[in-house]
Amino acid sequence: MAQISLTFPDGNSRSYDAGVTAGDVASDISPSLRKKAISATVNGAHYDLQWPIDTDAQIAINTMKDEAPALELVRHDLAHIMARAVQDIWPDTQVTIGPVIKDGWYYDFDRKEPFTPEDLGLIEKKMKEIINKRDDVRTEIWDRTRAVQYYTDRGEPYKVELIDSIPGNEPLRMYWHGDWQDLCRGPHLQNTGQVPADAFKLMSIAGAYWRGDSTRPMLQRIYGTAFTNKDALKDHLHRLEEAAKRDHRKLGREMNLFHMQEEAPGQVFWHPDGWTIYTELQDYMRRRQRAGGYVEVNTPQVVDRKLWEKSGHWDKYQENMFIVEVDEEHAREKAVNALKPMNCPCHVQIFNQGLKSYRDLPLRMAEFGSCARYEPSGALHGIMRVRGFTQDDGHIFCREDQIEPETARFIAFLSRVYADLGFNDWTIKLSTRPEQRIGSDATWDMMEKALGDACRAAGYDFELLEGEGAFYGPKLEFTLTDAIGRNWQCGTLQVDANLPERLDAEYIGTDGEKHRPVMLHRATLGSFERFIGILIEEHAGKLPFWLAPRQVVVATIVSDADDYARELVAALTAAGVRAEADTRNEKINYKVREHSVGKVPVILAVGAREVEERTATARQLGENQTRVVTMDEIVAELRLRATPPDLL
RNA sequence: GCCGCUGUAGCUCAGCUGGUAGAGCACAUCAUUCGUAAUGAUGGGGUCGGGGGUUCGAAUCCCUUCAGCGGCACCA
């Protein structure tokens, strides 16, 4: 039998018969390692202890102390254990797939009766029983016919369909947790007893389409979370609780920023304090864009369907548009309009006014454009996904050779803005040509390369989303993360040669001939609604001073200080600080608590002493100490802090 | 849009197997002028998301509809 050489992390090698398993190797090292071992890393790949190794390789035996493989195995084995538990309790349930995801796993089931929240407790209990049985995990490779026959006999059509979709050259691996069998790539633990019985929890039940396809059956998904020990689970659950406190919907209500109501689903009623954030942010963006070489425009809300037909949106997105029909008394036809779902066709109308020269390019046109999209009811989410929103939209009309420099310029612009707003952790995704597309491959090559090169030129890495681009061009997505880890696309840049064509945009080139410009659709914040939602969550409501809707409260301790408090407020207001006096007949404790809960960054307490000395006792949100400052000092200090970052 | 859950005073929530709604906070009034996270007393406020039905009687049961939440699908 052929011999292979396995090299361990410490550099030592041992020689084994080809086909040796990592389990054998672990035994060879020591019986105690064999017992503790959970898997092996073989040439960087994650191996089950039962899989044969056929070639020379680097090998490391993993134990529960190796976090990454341990988490993957624990979660994956739990997925199987959960599926076994569910089928134990409800034998008429069909199993489908159950992958490992961030922080845990899920498994999708097909069962007539819906699972209830109480069922989760039952399933957890059954899972613990299975873990305590310490059943061995076995694996075998089966041929297709046998596997298909097996699942057909067992009435598991989903598994049969899965097998059919696995490429023919891939082996079909079966796993058994005790006598419960599942088709699975592996790897898995040695026995169910290796799963910590106190470090997992079933989290929720949800619907999910089979294979992510809305035309296929809706399955029931159970989500679980798991870690390698009880404390890690506890920490994770604690983090979730903390994150829930940062939810913009909760803070929006508590801080009295906005509300939404039944009569206008998916649309925001901005309250004074919320609107202050909005306008402050908008003013900032307006200044940044002006400095960035944009011209600002504004275009109509209600636009005849003819334009949407021309742009192609009527065909593709009619279902998602708010249609406005107007009966003119003498009109032969009813006028059919749509609330604009986007600004680009309108911007092209402005571009098309008058002849444009190559000298006008790149023409950067910006609009705080209010759009309405009839989003599916289930898509709505607080102010992050709404039906009425305002984009910080912009379109750059340019030549093909300007795509890359303009994109690099935009990325630099965006990163400046994000940094000003406190975001350093964001990612770029590059979506490339989809199956259904227009334009030649050469054009797509050029556009994709321009975007990728621009990212690299700007010094940013990006994730490639193959086939996720729009039908007319590739796009960059700039993604931020909310309090509970959901990712949201905020900024975007899309290349589009289609719309200028459809709407006849053209410019005169150096040759005196007419040419088509390319359009770059771009947004930095994306929409004010979504971005403010993210902003609230990122800062847990404690916004940077310049964005805080209520920046300073001057709280009196005795009513004799009322006049002085008003004087202080007047001085702060004159210095451009949002200040208000709280002269209510309440104790200072009460006022401090109320405004702290309200996330006011600075509370200035004034009593007899302060009136006498013309000072204030300042307290910064989140700090317990106070400091005494003179009126002039505090006005100067807060004037500076209230200055937006671009004006510093 | 799909699956599931939820919908009771401004907010957070209680209300068992059906018998005409309750708490805390908030709010109002009065008293208190009290130095850094809730001063006390008194009081007003809801017909239980909307519509329909069953019943002698429904917040509690059924149907329907709307909205929200958790996912899935969608996201120009």
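By convention in this document, chain letters (A, B, ...) are assigned in the order of the sequence lines, proteins followed by strands, and residues within each chain are numbered from 1. Heavy atoms only: backbone and side chains are in, while hydrogens, waters and symmetry mates are out.
In this structure, the CZ atom of Phe109(A) is 19 Å from the P atom of G71(B), given to the nearest Å.
Closest-nucleotide positions on RNA chain B for Gly212(A) and Leu380(A) were compared, and the one nearer the 5' end corresponds to Leu380(A). Residue Arg584(A) is the one, among Ile557(A) and Arg584(A), whose nearest nucleotide of RNA chain B lies closer to the 5' end (criterion: closest heavy atom).
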For nucleotides 1-17 of chain B, 5' to 3', base contacts (B), sugar-phosphate-only contacts (S) and non-contacts (-) with protein non-hydrogen atoms under 4.0 Å give BBBS------SS-----
Quick one, give me the B/S/- string for nucleotides 37-44 of chain B, reading 5' to 3', where B means a protein heavy atom under 4.0 Å from the base and S means that only happens at the primed atoms, P, OP1 or OP2. BBB-----
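For the C1' atoms, the distance linking G45(B) with C25(B) amounts to 14 Å, nearest Å. Rounded to whole Å, the separation between the C1' atoms of U29(B) and G70(B) comes to 44 Å. Comparing the C1' positions of G1(B) and G57(B) gives a spacing of 40 Å, expressed to the nearest Å.
Pairing partner, G4(B): C69(B), with both Watson-Crick or wobble hydrogen-bond distances short of 3.5 Å. Partner assigned to A59(B) is none, using Watson-Crick or G-U wobble distances below 3.5 angstrom. When both distances must be under 3.5 Å, the Watson-Crick or G-U wobble mate of G35(B) does not exist. With a cut-off of 3.5 Å on both Watson-Crick or G-U wobble distances, the partner of U42(B) is given as A28(B).
Residues Glu113(A) and Trp90(A) have side chains that never bring a donor and an acceptor to within less than 3.5 angstrom of each other.
Residue Phe471(A) is classed as having no contact, given no heavy-atom separation below 4.0 Å to the nucleic acid. Residue-level contact check: His521(A) touches neither bases nor backbone, having no heavy atom under 4.0 Å from any strand.
A centroid separation of less than 6.0 Å is found between the aromatic rings of Phe531(A) and Tyr418(A).
Using a 4.0 Å cut-off between a side-chain N of Lys or Arg and a carboxylate O of Asp or Glu, Arg584(A) and Glu594(A) qualify as a salt bridge.
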